[in-house]
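Positions are given from 1 along the sequence.
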Amino acid sequence: MKITLLTVGKIKESYLEAGIREYVKRLSRYCKLEILEVADEKTPDGASENLERQIREKEGKRLLNLIKPDAYVITLEIQGKQLSSPELARKLARLGVEGVSHIMLVIGGSLGLSDEVIKRADFHLSFSAMTFPHQLMRLIALEQLYRCYRIINGEPYHK
């Protein structure tokens, strides 16, 4: 299975980079993983709702340009469906059985995802009702993918 983590913006913190590298290494035995980044837009303090929407749309167009037509797209959104780690593992395993060969997980920028990206998604996933920094979400998503593969393969880790 190929998994693409499609994200907005660059990682700026070295501790996040180190964690991401570790989980990329761990995941290499389970799947073909790629991480794609698109440029983020600068958001001025006190930006209007209209300006924030325009920023999400610009970032969204960049994301949509990289989404493959045959990919199963999972957007990470606060409003998405919350699954336990075993439930997410079962979902990933089921997608593989159903013939899905490419999953793209999409993480928006600091303002979230555009309506167009949300409409393109095949599944809307929430890791929590809480808000997390979008850069930290990369690390969390990779850790959860690793946890899922350990669960799928009956290997210890998830408890």
Side-chain angles (χ1 to χ4, degrees), residues 1-43 52 55-56 59-60 62-64 66-68 71-96 100-159:
M1 167 106 37
K2 179 177 181 180
I3 302 216
T4 301
L5 190 59
L6 179 56
T7 66
V8 174
K10 295 189 179 302
I11 296 294
K12 297 175 180 133
E13 304 292 338
S14 60
Y15 72 93
L16 290 174
E17 288 176 345
I20 289 167
R21 276 193 309 273
E22 177 63 26
Y23 281 104
V24 166
K25 182 176 81 174
R26 290 182 186 192
L27 281 162
S28 67
R29 66 183 280 225
Y30 299 106
C31 65
K32 182 177 182 203
L33 177 70
E34 71 176 339
I35 299 175
L36 300 176
E37 297 175 338
V38 301
D40 58 345
E41 292 290 316
K42 302 295 179 221
T43 306
E52 288 185 355
I55 289 169
R56 280 192 303 274
E59 292 173 347
R62 292 179 190 137
L63 292 168
L64 289 167
L66 294 177
I67 292 176
K68 305 294 183 208
Y72 185 91
V73 176
I74 299 174
T75 50
L76 300 185
E77 312 170 41
I78 290 175
Q79 301 82 10
K81 181 171 176 62
Q82 290 187 18
L83 301 175
S84 68
S85 296
E87 288 171 332
L88 182 57
R90 284 192 295 275
K91 179 162 189 65
L92 294 179
R94 188 172 54 252
L95 288 171
V100 172
S101 61
H102 188 189
I103 296 173
M104 296 186 83
L105 286 113
V106 183
I107 300 173
S110 60
L111 298 176
L113 294 165
S114 70
D115 290 341
E116 293 80 15
V117 173
I118 291 169
K119 286 176 190 165
R120 170 58 183 89
D122 298 295
F123 188 76
H124 309 273
L125 178 63
S126 173
F127 284 161
S128 172
M130 293 185 277
T131 302
F132 295 105
H134 64 283
Q135 293 183 9
L136 180 59
M137 279 310 302
R138 289 190 210 189
L139 180 58
I140 293 170
L142 291 171
E143 189 279 335
Q144 283 299 303
L145 284 172
Y146 178 69
R147 185 178 298 268
C148 285
Y149 277 108
R150 298 290 291 194
I151 292 168
I152 290 167
N153 288 288
E155 299 167 349
Y157 178 76
H158 64 283
K159 295 188 180 186

Report summary line: Residue set satisfying ring pair (Phe, Tyr, Trp, His ring centres under 6.0 Å) with Y30, at least two apart, ordered chain then number -> Y149
Query raised in the report: Rounded to the nearest 0.5 Å, how far apart are OG1 of T4 and NZ of K32?
Result: 8.5 Å
Which donor-acceptor pairs under 3.5 Å do the side chains of residues 107-116 make with protein atoms, sequence neighbours left out?
from	atom 1	to	atom 2	distance (Å)
S114	OG	E116	OE1	3.4
S114	OG	V117	N	3.3

**Report entry** side chain to side chain donor-acceptor pair (under 3.5 Å) partners of D122, counting only residues at least two apart
**Finding:** R120
Query raised in the report: Rounded to the nearest 0.5 Å, what separation is found between the OG1 atom of T43 and the CZ atom of R56?
Result: 9.5 Å
**Report entry** side chain to side chain contact (heavy atoms under 4.5 Å, CB included) partners of S128, counting only residues at least two apart
**Finding:** M130, F132
Query raised in the report: Under a 4.5 Å cut-off applied to non-hydrogen side-chain atoms, are L145 and L92 in contact?
Result: yes
Report summary line: Taken in chain and number order and not counting sequence neighbours, the residues that satisfy salt bridge (charged side-chain N to carboxylate O under 4.0 Å, His left out) with E77 are none
Query raised in the report: Between atom CD1 of I3 and atom OG of S101, what is the distance when rounded to the nearest 0.5 Å?
Result: 11.0 Å
Query raised in the report: Could you give all pairs that pass the salt bridge (charged side-chain N to carboxylate O under 4.0 Å, His left out) test and reach residues 84-93, with sequence neighbours left out?
Result: none
Query raised in the report: Which residues satisfy the salt bridge (charged side-chain N to carboxylate O under 4.0 Å, His left out) test with R94, sequence neighbours excluded?
Result: none
Report summary line: The side chain to side chain donor-acceptor pair (under 3.5 Å) partners of E143 (sequence neighbours excluded) come to R147, Y157
Report summary line: Heavy atoms of S85 and C148 approach each other most closely as O-SG, 4.0 Å
Query raised in the report: Quick one: are F123 and L83 in side-chain contact, heavy atoms under 4.5 Å?
Result: yes
Query raised in the report: Sequence neighbours excluded, which residues qualify as side chain to side chain contact (heavy atoms under 4.5 Å, CB included) partners of V24?
Result: I20, L33, I35, L142
Report summary line: Scanning both residues in full, the closest heavy-atom pair of E155 with R29 reads OE2-NH2, 3.5 Å
Query raised in the report: Do the side chains of Q79 and S126 get nearer than 4.5 Å, heavy atoms only?
Result: no
**Report entry** Spatial distance of atom CG (D40) from atom CZ (R62) [nearest 0.5 Å]
**Finding:** 8.0 Å
Query raised in the report: Going by the salt bridge (charged side-chain N to carboxylate O under 4.0 Å, His left out) test, which pairs reach into residues 1-24, not counting sequence neighbours?
Result: K2-E34, K10-E37, E22-K25, E22-R26
Report summary line: So ring-ring contact (aromatic ring centres under 6.0 Å, His included) across residues 2-29, not counting sequence neighbours, yields Y23-Y146
Query - Heavy-atom closest pair, residues I55 and K42 - result: CD1-O, 3.7 Å
